[in-house]
Amino acid sequence: MRRRSLLKGIAAAALNSVAWRQLPTFASTISLIKRRVRPSDPGWPSAAKWEELRRAVGGNLVQPQALFAPCATEPSDIACTEVMKNSRNPFYLGEHPAGTQVSGWLDAWTPAPSAYAVAAHKADDVAAAVNFARTHNLRLVVKGAGHSYQGTSNAPDSLLVWTRAMNNVVLHDSFVPKGCAGKIAPVPAVSAEAGAVWIDLYDAVTAKGGRYVQGGGCTEVGVAGLIQSGGFGNFSKGFGSAAASLLEAEIVTADGAIRVVNACNDPDLFWAIKGGGGGSWGVVTRVTLRTHDLPQFFGAAWGKIKANSDDAFRKLISRFVDFYAKNLFNPHWGEQIALAPDNTLKVSMVCQGMAGDEVRQTWKPFVDWAKSDPDVTVIESFGAGAREARRWWNIEGNTSMIPDTRAGALKHHGWWKGDQDQVGAFIHGYESLWLPASLLQESNRARLCDALFAASRHKKLELHFNKGLAGATAEALSASQNTATNPEVLNAFVLVIIADGERPSYPGQTRPPMDVNAARTDAKKIDMATAELIRIAPNAGSYVSESNYFNRSWQLAYWGKNYSRLRAIKKKYDPEALFFVHNGVGSEEWSRDGFTRL
Ligand SMILES: Cc1cc2nc3c(=O)[nH]c(=O)nc-3n(C[C@H](O)[C@H](O)[C@H](O)COP(=O)(O)OP(=O)(O)OC[C@H]3O[C@@H](n4cnc5c(N)ncnc54)[C@H](O)[C@@H]3O)c2cc1C
C-alpha cells in the first residue's frame, strides 16, 4: 500500500525530469535497504563512479581531511600553523569541509571527516549528490556551518553535501510564495542560499536594508540548520522563532527532485522543515523569510551579583524572579541570566523597542536593591542602554564583537565575545528544559525559586528567556504555532540550559590529556541539576538543537504531539531514510551511526 502511494507520488512528479530519471533506481530500492555501504565494502562505488560524480558537480568533489590532519604529519608545516592559529575562529571552522564548531562530546561522538564531500554551488550539484548517494546506497550527511552540538552534520564513511559555498542573499520588497498568488498577500522578504550564516542576513536586511529578520543569536550559525531547528534569536519574544517567518524553501528530496515548498506546494513538507530538525527531510538549498519593521532601538542590560550566603542566594533568586515577572516578561526582553553554584547571578539581557532611558529605568529598582542590600554584593557593575537597531551588528567600533581578520574575510563577519568560549569546546554534558509560564504565577513562584536554587547547587543554570515564547506578541505566537516545534515552547517562559565542557579537543590536536573521570562526574552533575527542575516541570520539553545527546524520550521532548505527524511526512518523502540524523525523525529504525536498519 505504502509502495503504491509512493509510486503514485513519484508518477505525479514525473514531469520533473530529475525525479523521472531517477524513478527506476528509486522504486527498485524501496524497503530493501538494510545497510548502507562503507568504503571497505564491495558495494562502495568505484573510482570511475566517483569521477563521474566529480564531473557532474563541476569538479566540486573533495576528500576532506580531519581539521588537525596537517599537524599529525608535519607540526611545523604552514598548514598546521594555519589550523592552530584559526581553530578558535568560528568562520574558519565553518569554511573547512571537516570543520565542526564543537570538538566532540564525551561518550557520544567524535569529529571524523566524510569519505567524500560535494561542496555544492547550486541545487543541481546537490541533486547529483543525493542521486549518487541513493543509487549507491551511501550514508549521506548534510552540513551548513557545522554548529550541531549532537554531531548530526558529521558522519565518517559518508558522502557529505556541504552547502557553505551557496551563500547569496537577496532582498524582496514584495514576495509571494510560488503558486500562492491570490492566496497569500505579498510581503517584504529576504531569500538566502542555504550556506549563508545569520550575520550575512543581518548585514543585508538590517544594516543595509533597515528592516529586521528573525534568526539566531550566534552570528555564524547556518541559516538552513537553524530554521529547521525552529531557531531562536535575541528578540524571538518580539518576532517568534526563525521558522515562524519562513515563507518558502527550495529543497532537494530523497528522490532527487528539486522542490519549491511553501504553504501552497508540499505544505506538509514545508511545515516539517519549520522545526522538524535539520538533516531529516532533504537538502534545503534556499530559504525565503518574511522581514519585519525594524524597531528604532536594540538594547541590553548586564551585571553580576554575588549573594553572601545560601539563604541570601535564595532571596536573590526570588527577588529576580519577581522582578522578571513584573517587568521583563513581555515581547521586549530576551537572552539570559546565569545562576551558579558560587551563589552568583549574572545578567546578560537584551531588549528591542526601548530607548536607553527606558531600559535604565526598567532596571533601576532591581539594581538599587542589589546595591543597598547587605546580603548581596554587586561584583560586576550594572550597565544598561540602547543603540540604533540598525547598527546592532556593525563590527566597526563594536567592543562586544570579534572581527574575522583573516585575509579576504568579509568585512561584516564577526562573532560576539560572549560566544568565544563555545568555539571548539568539547562537551561533557548538555541538557535543556522548557519551563511553563504557569510557574511565574505568584502562587507557584516559591516552588520555582526553590527548584532553581536546588539545581544551581549542582551546576550553573543558564535561563534563556528568548527561547521560550510565553509573553511574546500575539503575532509571533500565532506564526510560531504553525511550525513543527514542540508546542510547549508557546507556553514556556524560558529554556533552561545546563551544560559544561572544556577547551577544544579535536582529534589530532596537541593538548594535555583529558581527565575522563572528572568529565563524567561533570556530566552527572548536569543530570542532577536537571532532576531538580524535572520535579517542577515533569513533562518539560527540550529544544532539539540544544539538548541532551542521550535523551531517551527525544521524540516527545523535541516535538511533543507533533511527532506522529512528522513521522508520517518522513515516510512519505523519505521512506528509506536516506536522510538520517541521530535522534532525528524516523531515526529510531536505524543504528546510532545510521548504517544499519534495526
Ligand atoms: C556555538 C553555537 C551557537 C548556537 N546558537 C544558537 C542560537 O543562538 N539560537 C538557536 O536557536 N540555536 C543555536 N545553536 C544551535 C543551532 O541553531 C543548530 O545547531 C543549527 O542546526 C546549526 O546549523 P548549522 O548549519 O550551523 O550547523 P550544521 O552542523 O551544519 O547543521 C546542523 C543540522 O542541520 C542540518 N543541515 C544543515 N544545513 C542543512 C541544509 N541545507 N539542508 C538540510 N539539513 C541541513 C545538518 O544535517 C545537521 O543535522 C547554536 C549552536 C552552537 C554550536
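Order of appearance sets the numbers: ligands from 1, and atoms from 1 within every ligand.
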- Message: Determine whether D157 and R139 satisfy the following criterion, salt bridge (charged side-chain N to carboxylate O under 4.0 Å, His left out), listing intermediate values before the conclusion.
- Response: CA-CA 7 Å; D157 294 345; R139 169 84 165 85; over 6 Å; no
- Short N or O distance, G216 and ligand 1, threshold 3.5 Å exclusive: no
- Query: Near K143, which atoms of ligand 1 are under 4.0 Å from a heavy atom of that residue?
  - Reply: 30 (O)
- Query: Using 30° and 60° as the class limits, which term best fits the ring planes of F426 and H428: parallel, tilted or perpendicular?
  - Reply: perpendicular
- Item | Neighbour count above 12 (heavy atom, 6.0 Å) for Q555 CD | yes
- Does any non-hydrogen side-chain atom of I526 lie less than 4.5 Å from one of Y430? no
- Nearest neighbour in protein (non-hydrogen) for atom 39 (C) of ligand 1: V142 CG1, 3.7 Å
- Polar atom proximity, G279 to ligand 1 (N or O, under 3.5 Å): yes
- Task: Return the residue, atom name and 0.1 Å-rounded distance of the protein heavy atom closest to atom 1 (C) of ligand 1.
- Result: Q422 OE1, 3.6 Å
- Side-chain contact test, heavy atoms from C-beta onward, threshold under 4.5 Å: evaluate it for S87 versus F68 and give yes or no. yes
- Item | Flag side-chain contact, heavy atom, 4.5 Å: E193 against T285 | no
- Task: Go through ligand 1 atom by atom and flag the ones less than 4.0 Å from a non-hydrogen atom of G231.
- Result: 11 (O)
- Task: Considering the heavy atoms of S153, write down every atom of ligand 1 situated less than 4.0 Å from one of them.
- Result: 28 (P), 29 (O), 30 (O)
- Message: I'd like to check which ligand 1 atoms, numbered from 1 as shown, lie under 4.0 Å from a non-hydrogen atom of G217.
- Response: 7 (C), 8 (O)
- Message: Using salt bridge (charged side-chain N to carboxylate O under 4.0 Å, His left out), reason through K570 and D268 one step at a time and then give a plain yes or no.
- Response: CA-CA 10 Å; K570 175 75 176 172; D268 48 357; over 6 Å; no
- Message: Do S236 and K467 make a side-chain contact, defined as non-hydrogen atoms from C-beta onward lying under 4.5 Å apart?
- Response: no
- Identity and distance of the protein heavy atom lying nearest atom 41 (N) of ligand 1: V284 O, 2.8 Å
- Item | Backbone or side-chain N or O of A145 under 3.5 Å from ligand 1 N or O | yes
- Do Y543 and F232 pass the ring-ring contact (aromatic ring centres under 6.0 Å, His included) test, and can you show the C-alpha distance, the side-chain angles, and the key distance before you say yes or no? CA-CA 10 Å; Y543 173 37; F232 304 96; 5.0 Å; yes
- Item | Protein heavy-atom partner closest to atom 11 (O) of ligand 1 - residue, atom, separation in Å | Y543 OH, 2.6 Å
- Query: What about S148: any of its N or O atoms under 3.5 Å from an N or O on ligand 1?
  - Reply: yes
- Per-atom filter on ligand 1: closer than 4.0 angstrom to a heavy atom of S229 are 18 (C), 20 (C), 21 (O)
- Task: Using a strict 4.0 Å threshold on nitrogen-to-oxygen distance, state whether D421 and K417 make a salt bridge.
- Result: no
- Query: Which atoms of ligand 1 have any heavy atom of G282 under 4.0 Å away?
  - Reply: 42 (N), 43 (C)
- Which residue holds the protein heavy atom closest to atom 51 (C) of ligand 1, what is that atom called, and what is the gap in Å? Y149 CE1, 3.4 Å
- Looking only at non-hydrogen atoms, the one of G584, G225, G146 nearest atom 21 (O) of ligand 1 is G225
- With the threshold set at 4.0 Å, does a side-chain nitrogen-carboxylate oxygen contact exist between R290 and E248? no
- Are any of the side-chain nitrogens in E250 or K178 under 4.0 Å away from the carboxylate oxygens of its partner? no
- Task: Check each atom of ligand 1 against the heavy atoms of V581 and keep those under 4.0 Å away; list them by number with element.
- Result: 49 (O)
- Message: Can you classify the ring geometry of Y212 versus W393 as parallel (below 30°), tilted (30 to 60°) or perpendicular (above 60°)?
- Response: parallel
- Passes salt bridge (charged side-chain N to carboxylate O under 4.0 Å, His left out), E589 versus R567? Steps please. CA-CA 11 Å; E589 288 181 11; R567 193 79 182 80; 2.5 Å; yes
- Assess F579 for proximity to ligand 1: is some non-hydrogen atom of it under 4.0 Å away? no
- Task: Consider ligand 1: state whether an atom of it lies below 4.0 angstrom from any non-hydrogen atom of V221.
- Result: yes
- Task: Find the distance between CG (L463) and CD (E335) and round it off to the nearest 0.5 Å.
- Result: 12.0 Å
- Query: Which of the listed options, H464, R164, H147, M166, holds the heavy atom that is closest to atom 19 (O) of ligand 1?
  - Reply: H147
- Note on the structure: Candidates C218, G424, G277; heavy atom nearest atom 4 (C) of ligand 1 found on C218
- Item | Distance from atom 50 (C) of ligand 1 to nearest protein heavy atom, with residue and atom | E546 OE2, 3.8 Å
- Distance to 0.1 Å, residue and atom name: give those for the protein heavy atom nearest to atom 33 (C) of ligand 1. T152 OG1, 3.9 Å
- State whether the shortest distance between N or O atoms of A224 and N or O atoms of ligand 1 falls below 3.5 angstrom. no
- Message: Show the atoms of ligand 1 that are less than 4.0 angstrom away from any heavy atom in A194.
- Response: 41 (N)
- Task: Considering heavy atoms of the protein only, find what lies nearest to atom 37 (C) of ligand 1 and give residue, atom and distance to 0.1 Å.
- Result: G144 N, 3.7 Å
